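Below is one structure, written out as C-alpha cells, with a few remarks after it.
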Amino acid sequence: MTLKSQPVTLKSKLPSVGTTIFTVMSKLAADVGAINLSQGFPDFDCDPALVDAVARHMREGRNQYAPMQGVPALRQAIAAKYQSLYGAAYDPETEVTVTSGGTEGIFDAVAAVVHPGDEVIVFEPCYDSYVPAIEVSGGTAVVVSLGYPDYAVPWDEVRAAVTPRTRMIMINSPHNPAAVILGPQDIAELARLVEGTPIAIMSDEVYEHIIFDGVRHESMARHESLRARSFIVGSFGKTYHVTGWKVGYVVAPAALTTEFRKVHQFVTFSTNTPMQHALAEFLAQKRGYPELSAFYQRKRDLFLELIAGSRWKPLKSRGTYFQLLDYSAITDETDMDFALRLAKNHGVASIPTSSFLYHQSASPVLRFCFAKKDETLQLAAERLRAV
Ligand SMILES: Cc1ncc(COP(=O)(O)O)c(C=O)c1O
C-alpha cells in the first residue's frame with residue numbers, strides 16, 4: 001500500500017493577521033540602510049551593572065526554572081513599588097505574577113476572562129496584540145475609535161458600546177501609538193461606567209514611568225474601585241532599556257490572579273530566572289525608573305527642537321517614547337505609502353499609524369520612536385527636515 005502524503009490545511013483562527021508592521025519596517029530599514037525610528041526599542045545599552053548582575057546570578061547557578069508565579073524577591077519588589085508609588089497593597093504571594101513580557105501578561109489576562117461569544121471593548125488605535133488575543137479566545141473586539149488629532153476617549157460612545165456580553169475593557173496609558181494619557185476625568189468616567197457591572201479591566205501600563213511635563217500617571221492601582229477589577233500589566237523591557245529580555249508582570253486582586261495564573265502556567269510556566277533576580281535587585285533599590293520620565297522628556301524635546309521649522313507638525317507626546325508627526329503639509333499620500341517612500345528615499349523608517357486601526361480610516365500621521373542616542377536623533381532629524 002502506498003501512503004499518499006496529504007498536506008494539512010488549517011482554518012485560521014486569525015485570518016486577517018499577517019506579518020506585523022514592526023517586522024516589515026525594521027527589515028526595510030535594514031535593507032535600505034534607513035535610520036530605524038519604527039519599532040519601539042532603544043539603540044543604546046542598558047545599565048552595565050544590570051548585565052553584570054544577570055551574569056553573577058548565572059554564575060552563581062540560578063539557571064533552572066523559576067517558580068511559576070515569579071522569583072519571590074522580584075514579586076516583593078514589584079509589590080513594594082506599587083505601595084510606595086500608588087499607595088496600593090498587593091500581596092506578592094497571591095496578587096503579583098512575573099510574565100515573559102507585557103505581551104504574555106495581556107494574552108493571559110484576556111484568555112483568563114474571555115469565553116466564546118464575550119465582547120471586549122478596545123480603543124483604536126491600539127497595540128497590535130490586543131485584538132488577536134481576544135479573537136483566539138473566541139471573543140469579539142468591540143472597537144471604539146479615538147479620534148485624530150487629540151485621541152481623547154469618547155466616553156458616550158464607550159457607554160453605548162457596553163452590552164450584557166461585555167466582559168472586559170482594555171485601556172492603555174501612556175498610550176502607544178498616540179502618546180496620550182488618561183487623566184482624572186477619564187478615570188472618573190471609567191469608574192462610573194463599570195460600577196455595578198462584572199466588567200474586568202486590562203490596564204496596559206507598560207509606559208508608566210515614561211510620562212512628561214510633571215503629570216502624574218493614573219494607574220488603576222491608585223483607584224480602589226478600579227483596582228478591584230483590574231489586571232495591570234507592566235514591562236521591565238521599557239523601564240530598564242532591555243526590550244529583548246521579555247520580562248514583565250501583572251498585578252491583580254487574588255481572585256483574578258488565581259485565574260490568570262492558571263493560563264500563565266500553561267503558556268510559559270515561568271519566566272527566565274537570572275534576569276528576574278537581577279531585576280529584583282534594581283527594583284528593590286529603586287534604580288532607573290524614578291528618573292526615566294526626565295530622561296525621555298529630554299529626548300522628546302531634543303527631537304522636537306531638531307525638526308522645528310520643518311514641514312512636519314508634531315502632535316504633543318505626553319508619554320511613551322513615541323512622537324506622532326503630522327505630514328499633511330508634505331503630501332497627501334496614505335500613511336503606508338508615505339512611510340515606505342520615507343524609508344526608501346529619505347532614509348528614515350517610521351510606523352504608519354493605520355497599522356493600529358481597525359475601523360477608522362488613516363490619518364496623515366507617522367509614529368517615530370525617540371528612544372535613540374542623540375546622534376541618531378540628530379541624523380534622523382536632518383533627513384526629516386530635508387523632506
Ligand atoms: C502598549 C504596549 N503594550 C505592551 C507591549 C509589550 O511589552 P513587552 O515587550 O514587555 O512584551 C508594548 C511593547 O511595545 C507596548 O507598546
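Side chains are part of it too, since the values below use all heavy atoms of this structure and drop only hydrogens, waters and symmetry mates. Just so it is clear, the structure is predicted and the values come from calculations on it, not from any experiment. Order of listing sets the numbers, starting from 1, for every ligand and every atom in it.
- Every atom of ligand 1 with a heavy atom of K246 under 4.0 Å away is listed here by number and element: 8 (P), 9 (O), 11 (O).
- Of the protein's heavy atoms, T103 OG1, 3.2 Å lies nearest to atom 6 (C) of ligand 1.
- The shortest heavy-atom distance from T243 to ligand 1 is not under 4.0 Å.
- R261 and T97 share a side-chain donor-acceptor pair at under 3.5 Å.
- Considering backbone and side-chain atoms alike, G102 places an N or O below 3.5 Å from some N or O of ligand 1.
- Put simply, part of K238 is less than 4.0 Å from ligand 1, judged by heavy atoms.
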- Applying ring-ring contact (aromatic ring centres under 6.0 Å, His included), run through F295 and F44 and close with a yes or a no. CA-CA 13 Å; F295 173 81; F44 44 85; 5.6 Å; yes

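- For S100, no nitrogen or oxygen atom sits less than 3.5 Å from a nitrogen or oxygen atom of ligand 1, counting backbone and side chain alike.
- Contact between S173 and L182 at its shortest, heavy atoms only, is OG-N, 2.9 Å.
- Under the 3.5 Å distance criterion, with hydrogens and angles disregarded, a donor-acceptor pair is assigned to the side chains of E208 and Y86.
- Every atom of ligand 1 with a heavy atom of G101 under 4.0 Å away is listed here by number and element: 10 (O), 11 (O).
- Using a 4.5 Å heavy-atom threshold, the side chains of T163 and E119 count as touching.
- Between M220 and L190 the shortest side-chain heavy-atom distance falls below 4.5 Å.
- No donor-acceptor contact under 3.5 angstrom links the side chains of N176 and T320, judged on distance only.
- Y249 has its ring centre less than 6.0 Å from the ring centre of F236.
- Counting only heavy atoms of the protein, atom 1 (C) of ligand 1 lies nearest to D204 OD2, 3.3 Å.
- Heavy-atom contacts of Y207 reach the following atoms of ligand 1: 1 (C), 14 (O), 15 (C), 16 (O) (cutoff under 4.0 Å).
- F236 does not count as a contact of ligand 1, since none of its heavy atoms falls under 4.0 Å from the ligand.
- Listed by number with element, the atoms of ligand 1 under 4.0 angstrom from any heavy atom of N176 are 1 (C), 15 (C), 16 (O).
- Residue T320 does not touch ligand 1, judged by heavy-atom distances below 4.0 Å.
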